Amino acid sequence: MTTRDKIGLGILIGLFVAGCVVLVLTFKSWGGSHAPEDSIFVRQRMINLRK
């Protein structure tokens, strides 16, 4: 393997790892679990239904 091949492989592995990290952070819940009633969308829907 030449130096250029090793650099390319390192870049590909780095991009793969970065993509995996972004994917994990996308699905991870930072605030813990919340009840559906706490959602801003549910609250707004309830306000609209009362009108």
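Computed from a predicted structure; not experimentally measured.
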* With hydrophobic residues grouped by side-chain heavy-atom distances under 4.5 Å, do Leu49 and Phe41 end up in a single group? -> no

* Who are the side chain to side chain contact (heavy atoms under 4.5 Å, CB included) partners of Leu12, not counting sequence neighbours? -> none

* Connected-component partners of Leu15 among ILVMFWY, side-chain separation under 4.5 Å -> Ile7, Ile11

* So which pairs with a foot in residues 3-25 pass side chain to side chain donor-acceptor pair (under 3.5 Å), sequence neighbours left out? -> Thr2-Asp5

